[in-house]
Amino acid sequence: MLAGHRSSVATRLWRWWWALTLLVGAACRPFVGTAEPAAAHALRERFGAGVVALRALPAAGPLGLPAAGAVVVASSGWQPVRVGLDADQREELRQFVARGGRLLLLGYAASLAHDLGLAPERPRSEALRWGFDAAARSGHARLGAMPRSASAAALFQGLPVAAGGAVLWAGGRPCSVPCCVFPGDPGGEVMAHLAVEREGSLAVETAALAVQWRLERGAVLALGVPPDAQDDAGALAEPARQLARNALAWLGGTALVLVAAAPEPPSPPAPPVVLPHAPQLAHWGWQLPWPGQAAAVAALVDAVVLPASRAGADLFALEVADAAGLGVSWPRHDRLRPPEGLRSASAPVPSSGLLALAAEA
């Protein structure tokens, strides 16, 4: 009877162990059945052999953290996304750090510092996009940090130093890079502020980009521009790898990497059944005489421009024309320089001559 009872207990314990194993495995699964996100692939390439395992950040359930060591939590993609944890997951992560673990938060995952009670305010999460409109000349932008503390030297060691002492490791032409910064007091050690170079001109913001906190026996480091961000045709690949090596050294050499899912692309708004005066062409527009026709312009905006914008159209050009609809050229001897994006005739052309040519044709 006693032997049978022991066998029954052993069987139940065995079943419970398998159930727990399957539960944890399901919650912290790798990217099975889907292609590995680009951010996860880039992190694997940047960190190399230091990646113990690379998994999707579970939406619920245990995180499957090791008893000790280091963990990286990273966002995926350039579009802003809320990287969130439920109450149990936050407590699991806090206990991991409190026991002496090290936690690196990359990209939009830096907002978890607020969820963990380290930063008093939630950081600002937004993508830096440059080169998609006429405001940019070359469309080239780079992002990085301006070191502010002595401990930042180890994190940015070996990275090329740009003008003014900044280090840059992300960017492109055009540029779409995730960026998460702390505008106010982050409640920890500010290691570096955000540095942005647009069209070759460097600007340093007051917002903190790299912040370190202590939590009992462990430490947390937030880096709002990850080393896996967009690469500028290979020019920033080595600085990004060097930054990843430095971060891995701060982690202790190896780490479990958890990657949050990228946001779902928004569904385009349904266009109206009929757009007024909407030709089925890739590029189209209207000409109105200006000035003196404010009512006509208002009607155009209300009846055409706004509905077209709601349907997904972009206003990409604005040209100056005379009352006859002919492009107005910029006077050659004008003391004011014309805008670089202005498209007009290279020399003044009399309207009468063009109208005569049109009539003859």
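Keep in mind the model is a prediction, meaning the values are calculated, not measured.
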To the nearest 0.5 Å, what is the distance between CH2 on Trp78 and CG on Leu128?
11.0 Å

Check: Leu221 and Leu251 side chains under 4.5 Å, non-hydrogen atoms:
no

Side chains of Leu93 and Leu65, heavy atoms from C-beta outward: is any pair under 4.5 Å?
yes

Donor-acceptor pairs are to be reported for all side-chain atoms of residues 190-200 against protein atoms at under 3.5 Å, with residues two or more places apart or in another chain.
residue, atom, partner, partner atom, Å
His193, ND1, Arg148, NE, 3.0
His193, NE2, Thr206, O, 3.3
Glu197, OE1, Arg142, NE, 2.8
Glu197, OE1, Arg142, NH2, 3.1
Glu197, OE2, Arg142, NH2, 3.2
Glu199, OE1, Ser138, N, 2.9
Glu199, OE1, Ser138, OG, 2.6
Glu199, OE2, Trp130, NE1, 2.8
Glu199, OE2, Arg137, N, 3.1
Glu199, OE2, Ser138, N, 3.4
Glu199, OE2, Gly139, N, 3.0

Nearest atoms (heavy-atom pairs only) where Leu116 meets Arg90:
CD2-O, 3.7 Å

Report yes if the side chains of Leu243 and Leu155 come closer than 4.5 Å at any heavy-atom pair, otherwise no.
yes

Aromatic centroids of Phe182 and Trp213 separated by under 6.0 Å
yes

Compare all side-chain heavy atoms of Gln212 with those of Trp250 and state whether any distance is below 4.5 angstrom.
yes

Just so I know, are the side chains of Pro62 and Glu92 near enough to count as touching, which here means a heavy-atom distance under 4.5 Å?
yes

Which atoms form the tightest heavy-atom contact between Val81 and Tyr108, and what is the distance?
O-CB, 3.6 Å

Is Glu45 close to Arg241 at the side-chain level, that is, under 4.5 Å between some pair of heavy atoms?
yes

Salt bridge check, Arg214 against Glu189: does any charged N sit closer than 4.0 Å to a carboxylate O?
no

Residue pair Val225 / Ala170: nearest heavy atoms and the distance that separates them
CG1-CB, 3.8 Å

Show which side-chain atoms of residues 117-125 pair as donor or acceptor with protein atoms under 3.5 Å away, not counting sequence neighbours.
residue, atom, partner, partner atom, Å
Arg122, NH2, Asp115, OD1, 2.6
Arg124, NE, Glu126, OE2, 3.1
Arg124, NH2, Glu205, OE1, 3.3

Where do Arg55 and Leu63 come nearest, in terms of heavy atoms and distance?
NH1-O, 4.3 Å

Measure the shortest side-chain to side-chain distance between Val73 and Leu103 over non-hydrogen atoms and say whether it is less than 4.5 angstrom.
yes

